[in-house]
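What follows is a short report on a single structure.
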Amino acid sequence: MEVLRGDGKLLENIDLDPPNKHQEVLRNIAIILDTVAGSVPMVRGLGADGPFRGRPLNVIENEIVAHVYDQIERYEPRAIIAHVTVEADHTTGQLIPTVEIEGVREDGY
């Protein structure tokens with residue numbers, strides 16, 4: 001099982017030519033988690049979006065989990081997701097989505 005944390009560090013050492021399909025799917029999920037919506041030309045819906053200021057933490061966490069599931073289902077349907085959780089760093093105010101990938105579908109989409 002692979003665990004990816006959307007803490008902004010996934011794209012630091014990204015491999016743009018992964019050796020296999022499994023690594024390709026992990027790379028694509030890393031891009032989904034660390035991209036700001038509206039920042040990719042021609043794919044404006046890709047990535048995290050929405051201001052969450054002044055809203056209850058449990059509501060925001062649920063919306064982030066649902067958004068991550070939707071993004072992965074739309075842009076990388078080969079991934080088999082085990083869990084999506086949100087870690088709250090109260091010192092920095094960051095909400096960090098964490099995705100556990102159970103596997104990769106070999107049959108394509």
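Only heavy atoms go into these numbers, but all of them, side chains included; no hydrogens, no water, no symmetry mates. Numbering starts at 1 and runs along the sequence shown.
- A single hydrophobic cluster is seen to contain both Leu11 and Val99, as judged by linkage of ILVMFWY side chains at heavy-atom distances under 4.5 Å, directly or through other members.
- Closest approach of Val59 to Arg55, counting heavy atoms only: CG1-NH2, 3.7 Å.
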Run Glu61 and Ile64 through side chain to side chain contact (heavy atoms under 4.5 Å, CB included) and show every step you take. CA-CA 5 Å; Glu61 288 176 350; Ile64 291 172; 5.8 Å; no

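- In this structure, CD on Glu63 lies 10.0 Å from CG on Asn58, to the nearest 0.5 angstrom.
- By the 6.0 Å contact criterion, CZ on Arg74 is open, its count of non-hydrogen atoms from other residues, nucleotides or ligands being 12 or less.
- Not counting sequence neighbours, the partners of Asp89 by the side-chain hydrogen bond (donor to acceptor under 3.5 Å, both in side chains) test are Thr91, Thr92.
- In the hydrophobic cluster analysis, where Ile, Leu, Val, Met, Phe, Trp and Tyr join through side-chain heavy atoms closer than 4.5 angstrom, Val40 is grouped together with Ile29.
- Checked options His22, Lys21, Glu106; the residue passing with Arg78 is Lys21 (criterion: side chain to side chain contact (heavy atoms under 4.5 Å, CB included)).
- When every heavy atom of Asp34 is checked against every heavy atom of Gly8, the shortest pair comes out as OD1-N, 3.2 Å.
- Counting heavy atoms from C-beta outward, Val68 and Gln71 have side chains that stay 4.5 Å or more apart.
- The CD1 atom of Ile80 lies 10.5 Å from the CE atom of Met1; values are rounded to the nearest 0.5 Å.
- Checking Thr98, Ile96, Leu95 one by one against Val86, the side chain to side chain contact (heavy atoms under 4.5 Å, CB included) holds for a single residue, Leu95.
- Residues Ile72 and Tyr69 are members of one and the same hydrophobic cluster, defined by side-chain heavy-atom contacts under 4.5 angstrom among Ile, Leu, Val, Met, Phe, Trp and Tyr.
- Both Leu16 and Leu4 are part of a single hydrophobic cluster, where members link through side-chain heavy atoms under 4.5 Å apart.
- Taking the side chain as every heavy atom from C-beta outward, Ile31 and Tyr75 never approach each other to under 4.5 Å.
- Closest heavy-atom contact between Ala82 and Glu102: CB-OE1, 3.8 Å.
- If you chain together hydrophobic residues whose side chains sit under 4.5 Å apart, Ile32 and Val3 never meet in one group.
- Counting only residues at least two apart or on different chains, the side-chain hydrogen bond (donor to acceptor under 3.5 Å, both in side chains) pairs with a member in residues 3-14 are Arg5-Asp7, Arg5-Glu87.
- In plain terms, the two heavy atoms of Arg27 and Pro18 that are nearest each other are NH1-CD, 3.3 Å.
- Within a 6.0 Å sphere centred on CD of Glu100, heavy atoms belonging to other residues, nucleotides or ligands number more than 12.
- Between Gly6 and Leu33, the closest heavy-atom pair is CA-CB, 4.0 Å.
- At distances below 3.5 Å, not a single donor-acceptor pair connects side-chain atoms of Arg44 with backbone N or O atoms of Ala37.
- With hydrogens and angles ignored, the 3.5 Å screen pairs no side-chain donor or acceptor of Asn28 with any backbone N or O of Glu76.
- Residues His90 and Leu57 meet the side-chain proximity criterion, which asks for heavy atoms closer than 4.5 Å.
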